[in-house]
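Heads up: the structure comes next, in structure tokens.
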Amino acid sequence: MAESLEALLVPCLERAYGYALRLAKNPTDAEDLVQEAALAACKGFATFQAGTNFRGWFFTILVNCFHARHRKAYVEAEVGVDDYMDLPLFDGAEEHGLLDRSNPAQELLARVDRESIDAALRSLPDEFRVVAALYFVEDLSYAEISEIVSVPVGTVRSRLHRGRKLLQKRLWSLAVDRGIVAGLQGERA
Amino acid sequence: MTTPNAYDCEHVIERINDFLDRELSADEMTLVQAHLTTCGHCASAYAFEANTLDELKSRLRRIDLPQSVLDKVRATLANPNNG
């Protein structure tokens with residue numbers, strides 16, 4: 001049994017670790033989380049139906065392990081996200097006169113380093129981060145995320161909507177604080 | 001709940017990311033699309049969001065798997081009773 005599980009698990013381990021790192025926020029905890037999920041997968045492998053989506057099955061275990069570890073710390077997302085503008089980056093770019101550029105979104109985000117974007121994703125509250133990481137990094141549909149996280153599609157939609165808004169809000173603040181917005185304003189479009 | 005015959009800017013901005021993700025009903029997709037062809041501001045917001053999404057997805061890179069994780073997982077699978 002273990003050989004068969006290994007053959008399925010090893011090819012998706014890199015992506016599972018990447019997801020675990022976004023959930024756990026640091027390499028040590030991400031490593032522990034993946035190992036814990038691997039152990040749970042081993043113990044529950046009899047419930048996996050051959051020929052179905054193994055990665056989805058394993059990611060569900062990973063999410064469950066994350067929730068079990070963080071149950072005490074798992075808090076509802078901060079109040080106030082709904083008060084933000086719907087499209088914080090677009091609205092900010094519009095207010096600051098950046099929309100006459102050929103691709104303002106790309107020009108803005110290209111000036112933010114990858115680690116800062118990743119850190120902004122990792123800074124989202126748990127319930128948003130769990131779905132946002134699957135959406136942005138794994139490129140999954142709402143239905144696929146719904147299966148992995150075991151919540152209705154409408155809940156995925158709502159959490160993703162709010163998570164995306166919060167992520168954009170934080171990226172916009174970062175772009176302002178680092179002078180990226182002012183720099184773009186100073187350049188000719 | 002009935003679907004209106006046309007969406008205004010507020011309807012469209014609320015749904016723009018779901019439209020981008022092709023996660024609206026066929027009727028809603030049509031209504032948003034129809035609005036985008038006539039409203040420059042919402043079309044601009046849509047293009048901005050599409051480019052933002054492309055940029056974020058491409059920048060949120062996959063992370064290399066440390067050898068230590070692979071080794072530990074293999075050890076766990078080989079001897080799960082030690083876990």
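Numbered from 1 within each chain, the chains take letters A, B, ... in sequence-line order.
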Of the backbone (N, CA, C, O) and the side chain (C-beta and beyond), which part of [X] lies under 4.5 Å from a heavy atom of chain B, both, or neither?
| X | answer |
| --- | --- |
| A:Y135 | both |
| A:I117 | both |
| A:L21 | side chain |
| A:V153 | neither |

Go through the atoms of [X] and report whether side chain, backbone, both or neither lie under 4.5 Å from a heavy atom of chain A.
| X | result |
| --- | --- |
| B:D18 | both |
| B:S68 | both |
| B:D21 | side chain |

Inter-chain contacts: residues 138-146 of chain A against chain B, heavy atoms under 4.5 Å
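Result: A:E138, A:D139, A:S141, A:Y142.
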
Among residues 47-61 of chain A, which ones touch chain B with a heavy-atom distance under 4.5 Å?
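Heavy-atom contacts from residues 47-61 of chain A to chain B are absent.
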
Find the one option among A:R164, A:Q35, A:Q106 whose heavy-atom pairs under 4.5 Å with chain B are most numerous.
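Heavy-atom pair counts peak at A:R164.
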
Between A:E94, A:R15, A:E36, which shows the greatest number of heavy-atom pairs under 4.5 Å with chain B?
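Heavy-atom pair counts peak at A:R15.
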
Among side-chain atoms of A:H67 and A:N64, is any donor-acceptor pair under 3.5 angstrom?
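No, A:N64 and A:H67 have no side-chain donor paired with an acceptor closer than 3.5 Å.
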
Short side-chain donor-acceptor distance under 3.5 Å, B:N51 and B:E55
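No pair is found: no donor N or O on one side chain lies under 3.5 Å from an acceptor on the other.
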
B:R15 to B:Y7 six-membered ring, cation-pi geometry met (6.0 Å, 45°)
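Yes, B:R15 and B:Y7 form such a contact.
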
Could you tell me if A:K165 sits above the aromatic ring of A:F128, with its cationic atom closer than 6.0 Å to the ring centre and no more than 45 degrees from the axis?
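The answer is no; the distance or angle limit is not met.
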
Please report the closest heavy-atom contact between A:A24 and A:L33, naming both atoms and the distance.
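Looking at all heavy atoms of both residues, the closest pair is CB-CD2, 4.4 Å.
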
Which residue pairs pass the side chain to side chain donor-acceptor pair (under 3.5 Å) test with at least one member in residues 115-124 of chain A, sequence neighbours excluded?
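Residue pairs with at least one partner in residues 115-124 of chain A: A:R22-A:D118, A:D113-A:S116, A:E115-A:R122, A:S116-A:R178, A:D118-A:R122, A:S123-A:R170.
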
So which residue, B:L70, B:L53, B:D54, ends up with the most heavy-atom pairs under 4.5 Å with chain A?
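Sorted descending by pairs with chain A, the first entry is B:L53.
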
So if I take each residue of residues 40-50 of chain B and look for any heavy atom under 4.5 Å from a heavy atom in chain A, which residues do I end up with?
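Those residues of residues 40-50 of chain B which have a heavy atom under 4.5 Å from chain A are B:H41, B:S44, B:A45, B:F48, B:E49.
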
